[in-house]
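To start, the structure under review is shown below, and the notes come after it.
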Amino acid sequence: MSKPTLYGPAYSTYTRSARLAMEEKGVDYDLVEVDFLQGPMPAEQIERHPFAKVPALAHDGFKLYEVSAIGRYVDEVFDGPSLQPDDARERARMTQIISILDSYTYPCAIGQLVIQRLVMPMLGNQPDEAAIAAALPAISKCMNVLAGLRADNAFLVGSQLTLADLHFVPIYDYFRNTPESDAILEQNPGLRAWWDGVSKRESVQKTQPPSG
Ligand SMILES: N[C@@H](CCC(=O)N[C@@H](CS)C(=O)NCC(=O)O)C(=O)O
């Protein structure tokens, strides 16, 4: 089977989730950097992704975008440890968590807090403090819910690393670097325990976003 190519920047949370799936499976892949912070989304990427987002995958003539689809494809097509539970209820829980991350967590934790607190200053702009303050209750709710679903398990779904963990790692990693995360994580020590475990994985260390 030929090597897949992933188009997206190493700093992107969704690109990192797709990379994490390939790293965990032991898949050899090429990463083609696509920048959208210093300018508009490049036209070639909009051809790959009509909604002008990253990442997109190309493999043996097959083209795919949307990270939850990419993760499942990578898991099912390549050898390596399974990233989806066999048990129907656990698999449903995994899908539920990915949906919670996409629908409720990313928009407030990354789209508001991380963009305003970490990205805006990096680009030489002032953070919008009102937008940050407005996002905090929603972030807190998401983290409480995710901590509750994890309960005392090693991973978000029971004792097996799944695509749900790989979806959350990049979001959590940026979030934990904001000063606002302290108070929210104080309330959710279970998420810190989860991070202590997953952050030691080689895949997580190898896909660390570039600093600055
Ligand atoms: N639903 C998409 C979301 C992808 C997404 O939001 N990617 C972000 C980067 S992490 C992006 O492309 N942002 C560029 C923009 O919104 O202009 C997926 O699952 O792949």
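One-based numbering, in listed order, for ligands and for the atoms of each.
- Here the protein heavy atom with the shortest distance to atom 8 (C) of ligand 1 is Tyr106 OH, 3.7 Å.
- Looking at Ser140, its side chain never comes within 3.5 Å of a backbone N or O of Leu136 through a donor-acceptor pair.
- Side-chain contact of Asp165 with Tyr172: a donor-acceptor pair under 3.5 Å is absent, judged by distance alone.
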Subject >> Worked check of salt bridge (charged side-chain N to carboxylate O under 4.0 Å, His left out) between Glu23 and Arg201 >> reply: CA-CA 10 Å; Glu23 295 289 344; Arg201 300 182 80 85; over 6 Å; no
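- Scanning the protein heavy atoms around atom 11 (C) of ligand 1, the nearest turns out to be Lys53 CD, 3.6 Å.
- Formation of a donor-acceptor pair under 3.5 Å by the Glu33 side chain with backbone atoms of Ala10 is found in this model.
- Of all the heavy atoms of Phe51, none lies under 4.0 Å from any atom of ligand 1, so neither backbone nor side chain is involved.
- Proximity annotation for atom 17 (O) of ligand 1: of Gly8, Pro40, Ala52, Ala52 comes nearest, heavy atoms only.
- A donor-acceptor contact closer than 3.5 angstrom links the side chains of His59 and Tyr73.
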**OP:** Take Tyr11 and Phe36 through the ring-ring contact (aromatic ring centres under 6.0 Å, His included) test and state the conclusion after the steps.
**Re:** CA-CA 10 Å; Tyr11 58 71; Phe36 62 85; 5.6 Å; yes
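- Ranking the protein heavy atoms by distance from atom 5 (C) of ligand 1 puts Tyr14 CD1, 3.3 Å first.
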Using a 3.5 Å cut-off and no angle test, enumerate the donor-acceptor pairs between side-chain atoms of residues 182-193 and protein atoms at least two apart in sequence or in another chain.
{"from": "Glu186", "atom 1": "OE2", "to": "Arg192", "atom 2": "NH1", "distance (Å)": "3.1"}
{"from": "Asn188", "atom 1": "ND2", "to": "Asn144", "atom 2": "OD1", "distance (Å)": "2.9"}
{"from": "Asn188", "atom 1": "ND2", "to": "Ile184", "atom 2": "O", "distance (Å)": "3.1"}

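- The residue among Leu37, Val54, Val67, Thr13 with a heavy atom at the shortest distance from atom 7 (N) of ligand 1 is Val54.
- Interface atoms of ligand 1 facing Met41, defined by a heavy-atom separation under 4.0 Å, are 12 (O), 14 (C).
- Atom numbering of ligand 1 starts at 1 in the shown order; those under 4.0 Å from a heavy atom of Phe36 are 9 (C), 13 (N), 14 (C).
- Taking all heavy atoms of His49, Glu66, Gln45, Arg16 into account, the minimum distance to atom 2 (C) of ligand 1 is reached by Glu66.
- Residue Ser12 approaches ligand 1 through these ligand atoms, each under 4.0 Å from one of its heavy atoms: 9 (C), 10 (S).
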